[in-house]
Amino acid sequence: MLDPSSLYSMLAKWYQRMPRAGLWCVMMLCSCLLLASPSHATTAKLGLKTTQTEEPAEVWSDSYGRDTPRSTVEGFMSALSSEDTQLASRYLDATFLSKSKMSDADVVAQFKQALDTGGRLEPLLQLSDAKEGDVGDLLPNDQEKVGSIRIADKSVDVLLVRKVDKDGNRYWQFADETLANLPDVHTTGRTWASYFEIEQLKGVKLFDFELSKIIALAVMVLISLAVVYVLVWTLFVISRWLFPRLTGRRFAINANVIMPVAIIIVAMLLSEIMLRAGVPVTIRTPVGRLKEAVAWIATTWLAFRLIDGVFRRAEANSLKRNRPEQVSILGLLRKLAKVFMLILAIIIIFGNLGFDLTTGIAALGVGGLALAFGAQKSIENLIGSVVVVADRPVHVGDYCKFGTYEGTVIDIGIRSTRIRTLNRTIVTVPNGEFSALQIENFTARDMFYFLHNLFIKRTADLAEVERMIADLQGFLASHTLTNDEWNQVWIKELRQDCYVIEMRAYIPASGAQEFYAKQTQLALAVLKFLENYQVEHALPSQTVVLDDKNRLNQPDS
């Protein structure tokens, strides 16, 4: 077995000639195989816990780590990888081995050959990590199904059985029912994987795995990826050409989704590809973890591309509908969606690689809670921004009144809203406060309210006043500047010096400037109309009456 340093120097030139994708694939395979090997120096240095980390003696009652179905399968695969036949036989039913006419080494070899040819084991993380096994399945409590072997027309379930030793300790072993019914394996020559092996590297091992087989698997993965990529690209081109002609709409999917889709498909088919190509089960098992991790990386990559496409289209629609305030919120929501997807992918990927993330997730939850308390105001303003954009009480460019301020909205940001007042100053209001205020939007009105009073002297004849009110009612109703919504003239108040005549009407206008111009025209028309009546406008005045006669007749004091 070569020293790693001499092995790396020997392969340096060969690695440099490999395509970048092939080098990446080999590095990922080696990383996964390192995680699956018995030595876990890397994870130990990181302070992370894996499923194969040895526990104190009082926790692990079995010296071979056969306490759970998952640890039993992992230990057996580790023994096969290191070619330790005696250790591997400890994971097989001792009763069957004692009755079998074959040696323990032959039984292990037969079992491994059957698994290599047609074994389909469950992913390790789907196996029960409890000492009692999966009590929810339909099997007896002392049995656990971990996969199946299908060769030709014969199929056998790979079962584990729980045993009890003389000291009362319980452990799991591969059941005699599986070992006794193993199908016959007939070799038909070289496997597909063997055609890609490098003869010079046969017998050279890396992390207890034969390096030539690792490289052969990497080459097959690259070939499969290339084939699938071409098929997906062809389907994309056909769809892009055919979709607009069938539906009359633009094909909205971008070409940048082809690669992640191809990787996801290869990851889904990789288990069957490795099985049919003759990849040993000792390599297929750890690569299964890598396959799930790569599938989630590609899924995250695809999700990022889809999120970008959806939000870009939403931002374009917002700008097209003259709602620029939505763009900043959509940008924030895009980042939040990506962060959520990334955190989910990291948790699943590291879980598939065998790390125990319970402590990390708990710390993340505590940290998130502390962050939420510390950024309470920021979160309040963020929620206020979402409310302002979702409820849409105002848009950029609207003239509104809120609290003691009024002005034109010039920007709706993630944290605050800015408004330019009539004094040309800019008021910045946090969105948390802005969304809680009573907001009066003047731009949203369809008509302007014409409300004014006429003050007529009390000296006017009542019949003349009555005729004036009736004629003024018809004048407002028929005027070109008003509409039929509400036109009314009536005596609002009787004062000592005047009659207060109130005029109500609505004037259609597109803005304040147009309304003020029309209001001036209508007010002048009303004043000219009143010239036809014998009435006078009451002006603010005060009358002083001096009674000199009564003053002169008063006696002197």
Item to complete: For T68 and S128, run side chain to side chain contact (heavy atoms under 4.5 Å, CB included): C-alpha distance rounded to whole Å, both residues' side-chain angles, the deciding distance at 0.1 Å, then the answer.
Response: CA-CA 7 Å; T68 67; S128 175; over 6 Å; no

Using atom types as modelled, flag every donor-acceptor pair under 3.5 Å from a side chain in residues 265-274 to any protein atom, sequence neighbours excluded.
| unit_1 | atom_1 | unit_2 | atom_2 | d |
| --- | --- | --- | --- | --- |
| S271 | OG | K291 | NZ | 2.9 |
| E272 | OE2 | R120 | NH2 | 2.9 |
| E272 | OE2 | R276 | NE | 3.1 |
| E272 | OE2 | R276 | NH2 | 3.3 |

Answer yes or no: are there more than 12 heavy-atom neighbours, outside [X] itself, under 6.0 Å from its atom [atom1]?
X	atom1	result
Y405	OH	no
R313	CZ	no
E466	CD	no

Discussion item. Salt bridge check, K492 against E502: does any charged N sit closer than 4.0 Å to a carboxylate O?
Written reply: yes

Fill in: Lys/Arg N to Asp/Glu carboxylate O, E531 vs K528, below 4.0 Å
no

Can you name the nearest heavy-atom pair linking [X] to [Y], along with the distance?
X	Y	value
R445	F448	NH2-CE2, 2.5 Å
T428	S416	CG2-OG, 3.3 Å
G407	I419	C-CG2, 3.6 Å
V396	I410	CG1-O, 3.7 Å
V409	C400	CG2-SG, 3.8 Å
V535	A460	CG1-CB, 4.0 Å

Worksheet item: Quick check, are the ring centers of F243 and F236 under 6.0 angstrom apart?
Response: no

Discussion item. Ring centres under 6.0 Å, that's the criterion: do F402 and F434 meet it?
Written reply: yes

Please tabulate, for the side chains in residues 472-484, all donor-acceptor contacts under 3.5 angstrom to protein atoms that are two or more places apart in sequence or on a different chain.
| unit_1 | atom_1 | unit_2 | atom_2 | d |
| --- | --- | --- | --- | --- |
| Q473 | OE1 | V489 | N | 2.8 |
| Q473 | NE2 | N487 | O | 2.5 |
| S478 | OG | G474 | O | 2.8 |
| S478 | OG | F475 | O | 3.4 |
| H479 | ND1 | L481 | N | 3.1 |
| T482 | OG1 | L476 | O | 2.5 |
| T482 | OG1 | H479 | O | 3.2 |
| N483 | OD1 | E485 | N | 3.2 |

Spacing of [X] atom [atom1] and [Y] atom [atom2] [to the nearest 0.5 Å]:
X	Y	atom1	atom2	answer
L306	F311	CG	CZ	11.5 Å
L454	L527	CG	CG	7.5 Å
E493	Y499	CD	OH	13.0 Å
E536	K457	CD	NZ	4.5 Å
S71	L124	OG	CG	10.5 Å
M259	L225	CE	CG	5.5 Å

Worksheet item: Mind checking whether I456 and C498 have side chains closer than 4.5 Å, heavy atoms only?
Response: no

Item to complete: Mind running side chain to side chain contact (heavy atoms under 4.5 Å, CB included) on L275 and R284 for me, showing each step along the way?
Response: CA-CA 8 Å; L275 179 63; R284 295 204 311 265; 3.7 Å; yes

Can you give each donor-acceptor pair under 3.5 Å made by side-chain atoms of residues 515-523, sequence neighbours left out, with the distance rounded to 0.1 Å?
| unit_1 | atom_1 | unit_2 | atom_2 | d |
| --- | --- | --- | --- | --- |
| K518 | NZ | P508 | O | 2.9 |
| K518 | NZ | E514 | OE2 | 3.0 |
| Q519 | OE1 | H452 | NE2 | 3.0 |
| T520 | OG1 | Y516 | O | 2.9 |

Under 3.5 Å: donor-acceptor pair, side chain of [X], backbone of [Y]:
X	Y	value
E144	G133	no
N423	T425	no
R418	V429	no

Discussion item. Could you go through T417 and D411, starting from their C-alpha distance and side-chain angles, then the distance that decides it, and tell me whether this counts as side chain to side chain contact (heavy atoms under 4.5 Å, CB included)?
Written reply: CA-CA 6 Å; T417 297; D411 180 62; over 6 Å; no

Worksheet item: Which pairs with one or both residues in residues 299-311 pass side chain to side chain donor-acceptor pair (under 3.5 Å), sequence neighbours excluded?
Response: D308-K338

Worksheet entry | Selection residues 228-256 - residue pairs positive for side chain to side chain donor-acceptor pair (under 3.5 Å), sequence neighbours left out | none

Item to complete: Show your reasoning for whether salt bridge (charged side-chain N to carboxylate O under 4.0 Å, His left out) applies to E315 and R312.
Response: CA-CA 5 Å; E315 291 171 0; R312 274 198 298 266; over 6 Å; no

Worksheet entry | side-chain hydrogen bond (donor to acceptor under 3.5 Å, both in side chains) against R420, all qualifying residues, sequence neighbours excluded | none

Worksheet entry | Flag for N441-Y399: side-chain donor and acceptor within less than 3.5 Å | no

Worksheet entry | Cation-pi, Y533 ring and R467 (6.0 angstrom, 45 degrees) | no

Discussion item. Let's go through I491 and V500 carefully: what are the C-alpha distance in whole Å and the side-chain angles of both, what is the deciding distance for side chain to side chain contact (heavy atoms under 4.5 Å, CB included) to 0.1 Å, and is it a yes or a no?
Written reply: CA-CA 6 Å; I491 298 178; V500 180; over 6 Å; no

